[in-house]
Amino acid sequence: MMADDPFENMLAQMDRAEEYADVDHDVFERLKHPERTLKVTLPVELESGEVEVFEGFRCQFDGARGPFKGGVRYHPTVSQREVEALAGWMTWKAALVDLPYGGAKGGVICEPKDLTDRDLERLTRRYTEGIRRMIGPDIDVPAPDMNTNPQTMAWMMDTYSMYEGYTVPKVVTGKPLEIGGTPGRVEATGRGVSLITQKLFEYLERDLTDASIAIQGFGNVGSNAARLLDEAGARIVATSDVTGAAYDSDGLDVAALGAHVEAGGMIEEYVEGDVRAAGPDGAPEDAAELVSNAELLSLDVDVLIPAAVEGVITADNVDDVRASAIVEAANGPTTVAADEILTGRDVPVVPDILANAGGIIVSYLEWVQNSQEFSWPLETVNVELERRIGSAFDETIERYDEGEVPDLRTAAYTLALERTASAHEYRGLFP
């Protein structure tokens, strides 16, 4: 297995769980294959006047449990294999948290930082037209992912609606509030990561107050998880972006760092520039130093939260990982080879399909509200998120505590695979 192939990594995770899951082998083999993947070519006239041809994908992995659901990412490393792996993980995630969805994922190969807002709008509309025949409010419902946001979803919704001839809010989730979005969706994944981390500490009978946490990635998910865990009393000692990681063993000023990044700043500027609030002695109150992303992964902390891209904890660096526990906010951040070593060291790893499920849960709540043409207050959304993700955690722990499965990931996979396989068995094989 190639460590840098996310699809092979996902299949290996499934294979590890097969012997513990009550799933017929023939059905299990069906679960390893995406139903369909579309590749689209996207010529876009940029604001500069140049025409650039982009490539995009949409994979629908398994629709036995309901309409397909999954995000759209814009990134230079997007590939068909990555999109298919992410669609598979979405399938298991939806099943684990017991939502009536199948899994999908989309992506466009591009560098968003090199594109203007007008370029991104044209690219989004062209991509939406390209996958339009695959998506729909009862077929496949896209959402934001890496480098996409509520504005992206607004463009997608508008493009789809123009072809339909009427407004179709529930064709996407993660929309702005003004056009059918739900409060709490933007921070939902990060909130779920925070809730799961707190549940893990309760299960381990440890106190989260003053626990040291390192978060690789300070995007939407990482920053919201950092803010909420900081509010819960934990010490966020490190976090990072592409320029490097800010590290302070006494704890970062998460609010100040968040404000800096929200204003468009980078972490390297925060650490090295004069952008931090000064204390009484004139020195910055946040005495952060700049370290590399590799150093962040090896910090001696209570919890490591990888919240960036897949495949960052591998057989090559797992021996350097000193965290007491790992909570996977990113999709597929740990390879199977590294997983086996961490299991052997009794390092609990809360898997991505559980830890980052807050996004799909609140996307589901948005979709339900759009279907009912009704809206709920933020408090209702957050209570329902906590109930659903907490229930999935408890079920995963219950399966793990039965003593047969070797780790939390395998416990989560057995539940997800059994639920998806059960749907296939009830529906049968057509024709």
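Model, not experiment: these values are computed from the prediction.
Judged by distance alone, the side chain of Asp22 and the main-chain N or O of Glu418 form no donor-acceptor pair under 3.5 Å. With hydrogens and angles ignored, the 3.5 Å screen pairs a side-chain donor or acceptor of Asn9 with a backbone N or O of Thr334. Side-chain N or O atoms of Asp210 include none that pairs as donor or acceptor with a backbone N or O of Arg235 at under 3.5 Å. Ser391 contributes no side-chain N or O that, together with a main-chain N or O of Arg388, makes up a donor-acceptor pair within less than 3.5 Å. Judged by distance alone, the side chain of Trp92 and the main-chain N or O of Gly88 form a donor-acceptor pair under 3.5 Å. Side-chain atoms of Arg409 do not come within 3.5 Å of backbone N or O of Pro351 as any donor-acceptor pair. Checked by atom type and distance alone, the side chain of Thr91 pairs as donor or acceptor with a backbone atom of Gly103 at under 3.5 Å. Checked by atom type and distance alone, the side chain of Asn317 pairs as donor or acceptor with a backbone atom of Thr314 at under 3.5 Å. With hydrogens and angles ignored, the 3.5 Å screen pairs no side-chain donor or acceptor of Thr420 with any backbone N or O of Leu417. Side-chain N or O atoms of Lys175 include one that pairs as donor or acceptor with a backbone N or O of Pro169 at under 3.5 Å.
Atom-to-atom distance recorded for Leu228:CG and Arg191:CZ is 5.0 Å, nearest 0.5 angstrom.
Glu262 CD: 12 or fewer foreign heavy atoms inside a 6.0 Å radius. Summarising the local packing, CD of Glu29 is surrounded by more than 12 heavy atoms from other residues, nucleotides or ligands at distances under 6.0 Å. With a 6.0 Å radius and a threshold of 12 heavy atoms from other residues, nucleotides or ligands, Glu386 has its CD atom at or below the threshold. Few gaps surround CD on Glu402; more than 12 heavy atoms of other groups in view lie less than 6.0 Å from it.
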side-chain hydrogen bond (donor to acceptor under 3.5 Å, both in side chains) assessment of Arg125 paired with Thr159:
CA-CA 6 Å; Arg125 291 186 183 276; Thr159 305; 3.1 Å; yes

Test side-chain hydrogen bond (donor to acceptor under 3.5 Å, both in side chains) on Thr128 and Tyr163 and set out the steps.
CA-CA 11 Å; Thr128 306; Tyr163 281 100; over 6 Å; no

May I have the step-by-step check of salt bridge (charged side-chain N to carboxylate O under 4.0 Å, His left out) for Lys93 and Asp352, ending in yes or no?
CA-CA 8 Å; Lys93 189 182 305 181; Asp352 47 4; over 6 Å; no

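For Ser298 and Arg322, the side-chain atoms include no donor-acceptor pair closer than 3.5 Å.
In this structure, Lys32 does not pair ionically with Glu18, as no charged nitrogen and carboxylate oxygen lie closer than 4.0 Å. Using a 4.0 Å cut-off between charged nitrogen and carboxylate oxygen, Asp394 and Lys199 count as a salt-bridge pair. One finds a salt bridge joining Arg227 and Glu231 here, because a Lys/Arg side-chain nitrogen approaches an Asp/Glu carboxylate oxygen to under 4.0 Å.
A perpendicular orientation is assigned to the rings of Phe393 and Tyr203, their planes being inclined by more than 60° (bins at 30° and 60°). The aromatic rings of Trp367 and Tyr364 are tilted relative to each other, their planes meeting at an angle between 30° and 60°. Classification of the His260-Tyr270 ring pair by plane angle, with boundaries at 30° and 60°, yields tilted.
When every heavy atom of Leu252 is checked against every heavy atom of Ala246, the shortest pair comes out as CD1-O, 3.7 Å.
For the side chain to side chain contact (heavy atoms under 4.5 Å, CB included) with Leu408, the lone residue among Thr343, Ile397, Ile326 that qualifies is Ile397.
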